[in-house]
Amino acid sequence: MSYPYQIKSLEEYHAAWKKSVEDPEKFWGDIAANFQWKKPWERVLDWNFKEPSVKWFEGAQLNITENCIDRHLHDKANQPAIIWEPNNPNDPQRILTYAQLHLKVNQFAHVLKNNGVKKGDRVCIYMGMIPELAIAVLACARIGAIHSVIFGGFSAQSIADRLQDAKSEFIITCDGAFRGPKDIPLKSVIDDALVSCPFVKTVVVYMHTRTPVSMINGRDIWWEDEIRKIEQKGNPDFPAETMDAEDPLFILYTSGSTGKPKGVVHSCAGYMVYTNYTFVNVFQYKPEEIHFCTADIGWITGHSYIVYGPLSAGATSLMFEGIPTFPDAGRFWDIIDKYRVNILYTAPTAIRSLMAFGLGPIQNKDLSSLRVLGTVGEPINEEAWNWYDEHIGKGNCPIVDTWWQTETGGVLISNMAGITPAKASYATLPFPGVQPILVDEKGNEITENNVTGNLCIKAPWPSTIRTTYGDHERCRTNYFATYENLYFTGDGAFRDENGYYRITGRVDDVLNVSGHRIGTAEVENAINMHTGVVESAVVGYPHDVKGQGIYAFVIYNGTHGDEELIRKDITATVSRIIGPIAKPDKIQLVPGLPKTRSGKIMRRILRKIAEGELENIGDTSTLLDPSVVEDIKNGKI
Ligand code: WT7
């Protein structure tokens, strides 16, 4: 498979971008012609951002799994589709060729169907990073069920919220997951979640860690038992369901500025075309290369650049179960050495945490197979960028800094490896089809360069968010109503004299902790569940490794013992309600919170204090009780 739409020079990039803006229908229609359709489209694009309504390739029919698997069988049947490296380096690796992946996805699609899953049903997947997670995702897509993958670090309460929101009656999980030295009992977390989700009819359990589980008769079934039934029938192929271009492919929950996560919905055709296009162009993928994206499939990066982008391009995708520091901080480099990895796509937080171990873990590791490095998830500081460039890329590998979001489905702003220029800490230029603009607070476009503004996008790209599940109005108000006729990203950005973009971070109440999005309101809600808490306010502060840390100001009613005890208790509560990723890094007990006369908490002030800018708090005259600020400053930790 070659990629006729792979951009090969800076001139080609500029020409492609221009064409994509002048005639998006022709531009994307030509690219889409490289995929396998059951029926061609009648119209490439129809949109308005008012409702919003975004429709790509309307009238077309397809199944994304035929594009990700079946169409590679004639020439890549024996090429690895997925290489799996286990958490424990002494356990056996697994390789699934395209032929084997085809077999397993077909088998599991039968299992889903035999257990009553139909097109349009929502299937929740809560698993560790094992090949069966990718198989489950693809099997859902094959039968037209809408998958909703929940990251294995979320708590029972978070799962229950998502199950209720999506009304998922079907769950796929494992007994447990290995993450570094830990063994996480996923099935038992599901059991806890299901106490408040009586509508769940079936739970399929894959045995991985051999952690004891309790299986409920009539509800819980074993993955392997179900597969055996299909084998007994001789493993018949599963004809891929015919999907309309705009049928939903998946839901992925993400945090916003309110307390309740949003179910971001992506649809089949546009998402397929755009993740493939960006995968092929960002990384300049060459057939047979090994692509290692270190994200978890529980996040959008894993959906788009472990599963759908690489597989639709017939690539070899390396999937790693563990964490970068287990059994030691050389693990990524061991994996690159072992499999001769060509592309490494990881997060700044991982780079920073590995930097802290010095150069020892890199010594004697052969990294010469690397051709391209990538980063995603948060702004990368120059120090980390330079370390990555010098010590991992040995000065020979272009670094792509890819800016995008759960809602955008694929990369929107990034350099293309070796093709368009890189600049440390800049995502640089928009992808073909992407029209970023900066606006001021009032929504006026800022046209000059060397300016900062709120980052918006003018027109749809194929994997634009289509809706927030079950609540289209929420999608409109969140993304399309702040500024008229624009998609608002929630990020601020600086544009330099060359038109390169540097993302400066969120401008809303969303934190980015180790590349994970966490809403301050969600953390506050969780903290407030504790009966010792009167009120709380959560803000972010700069953190050397995580990018942002979570700082909680809490009014304590004194009923739960001393300060240390209540802090521990609050941390445990957040872990239980949301998951360990949302645990506050700092908890300061305060006598009051800075509020305006109308009762609104002035987070600006709290942010300054959390950042340690005690001298430079700004105007406090509109506060109900300005003296509270002094108290908080004095108690700063
Ligand atoms: C937010 C989206 C997209 C996959 C991972 C996160 C921040 C993402 C970059 C980057 C600076 C970045 C933004 C964005 N972000 N990539 N290259 N440089 N910031 O997905 O959880 O939806 O978070 O991550 O703030 O809005 P997500």
Side-chain angles (χ1 to χ4, degrees), residues 149-151 153-154 251-257 261-266 271 274-275 278-279 282 293-309 345-352 373-382 384-385 388 399-415 422-431 434 436 452 454-457 461 463-465 468 478-479 482 487-495 500-519 522 540 546-548 581-582:
V149 182
I150 301 179
F151 173 61
F154 279 115
I251 305 172
L252 186 57
Y253 285 86
T254 190
S255 297
S257 30
K262 299 169 284 212
V264 172
V265 176
H266 284 288
Y271 177 82
Y274 197 73
T275 52
T278 47
F279 171 73
V282 167
C293 167
T294 70
D296 191 292
I297 294 178
W299 310 108
I300 191 70
T301 309
H303 281 60
S304 301
Y305 300 110
I306 295 178
V307 182
Y308 289 113
Y345 189 30
T346 193
T349 186
I351 298 168
R352 286 192 301 264
L373 304 176
T375 82
V376 61
E378 51 174 317
I380 179 162
N381 48 311
E382 264 186 66
W385 197 98
Y388 200 29
I399 298 177
V400 288
D401 179 348
T402 63
W403 173 83
W404 57 297
Q405 310 177 298
T406 304
E407 295 85 345
T408 72
V411 173
L412 292 198
I413 304 181
S414 171
N415 51 317
K423 178 172 177 183
S425 81
Y426 281 72
T428 72
L429 296 168
F431 244 67
V434 177
T452 303
N454 288 347
L455 179 63
C456 296
I457 315 286
W461 58 97
S463 58
T464 304
I465 178 176
T468 44
N478 253 288
Y479 307 105
T482 316
Y487 167 80
F488 176 43
T489 65
D491 279 323
F494 173 79
R495 186 171 53 218
Y500 293 1
Y501 289 87
R502 180 166 66 83
I503 311 305
T504 50
R506 303 289 306 192
V507 295
D508 52 11
D509 288 326
V510 172
L511 306 181
N512 190 328
V513 181
S514 300
H516 298 147
R517 221 155 116 177
I518 295 169
E522 265 176 88
K546 298 180 176 183
Q548 270 188 311
I581 51 171

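Counting starts at 1 for both ligands and their atoms, following the listed order. The figures here come from the full heavy-atom set of this structure, side chains too, leaving out hydrogens, waters and symmetry mates.
Contact check for Arg506 versus Glu378: no side-chain heavy atoms found under the 4.5 Å cut-off.
Pairing each heavy atom of Ala493 with each of Thr504, the nearest pair is N-OG1, 3.5 Å.
Inspection of the Glu382 and Ser425 side chains reveals no N or O donor paired with an N or O acceptor under 3.5 Å.
For the pair Arg517 and Glu407, the salt-bridge criterion is met [side-chain N within less than 4.0 Å of a carboxylate O].
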Q) Run the side chain to side chain contact (heavy atoms under 4.5 Å, CB included) check on Cys293 and Thr301 step by step: do they pass? A) CA-CA 8 Å; Cys293 167; Thr301 309; 3.8 Å; yes
Q.
Assess the residue pair Tyr388 and Thr346 against the criterion (side chain to side chain contact (heavy atoms under 4.5 Å, CB included)); give the C-alpha distance rounded to whole Å, side-chain angles, the decisive distance to 0.1 Å, and a yes or no.
A. CA-CA 11 Å; Tyr388 200 29; Thr346 193; 3.4 Å; yes
Show me a pair-per-line table, with atom names and distances to 0.1 Å, of protein N or O atoms that are under 3.5 Å from an N or O of ligand 1.
unit_1: ligand 1; atom_1: 15 (N); unit_2: Gly377; atom_2: O; d: 3.3
unit_1: ligand 1; atom_1: 16 (N); unit_2: Gly377; atom_2: N; d: 3.1
unit_1: ligand 1; atom_1: 17 (N); unit_2: Asp401; atom_2: OD1; d: 2.7
unit_1: ligand 1; atom_1: 17 (N); unit_2: Thr402; atom_2: O; d: 2.8
unit_1: ligand 1; atom_1: 18 (N); unit_2: Glu378; atom_2: O; d: 3.3
unit_1: ligand 1; atom_1: 19 (N); unit_2: Pro379; atom_2: N; d: 3.4
unit_1: ligand 1; atom_1: 22 (O); unit_2: Thr406; atom_2: N; d: 2.7
unit_1: ligand 1; atom_1: 22 (O); unit_2: Thr406; atom_2: OG1; d: 2.5
unit_1: ligand 1; atom_1: 22 (O); unit_2: Arg517; atom_2: NH1; d: 2.7
unit_1: ligand 1; atom_1: 24 (O); unit_2: Gly377; atom_2: O; d: 3.2
unit_1: ligand 1; atom_1: 24 (O); unit_2: Asn512; atom_2: ND2; d: 3.4
unit_1: ligand 1; atom_1: 25 (O); unit_2: Asp491; atom_2: OD1; d: 2.7
unit_1: ligand 1; atom_1: 25 (O); unit_2: Asp491; atom_2: OD2; d: 3.2
unit_1: ligand 1; atom_1: 26 (O); unit_2: Gln405; atom_2: NE2; d: 2.9
unit_1: ligand 1; atom_1: 26 (O); unit_2: Asp491; atom_2: OD1; d: 3.3
unit_1: ligand 1; atom_1: 26 (O); unit_2: Asp491; atom_2: OD2; d: 2.6
unit_1: ligand 1; atom_1: 26 (O); unit_2: Arg506; atom_2: NH1; d: 2.8

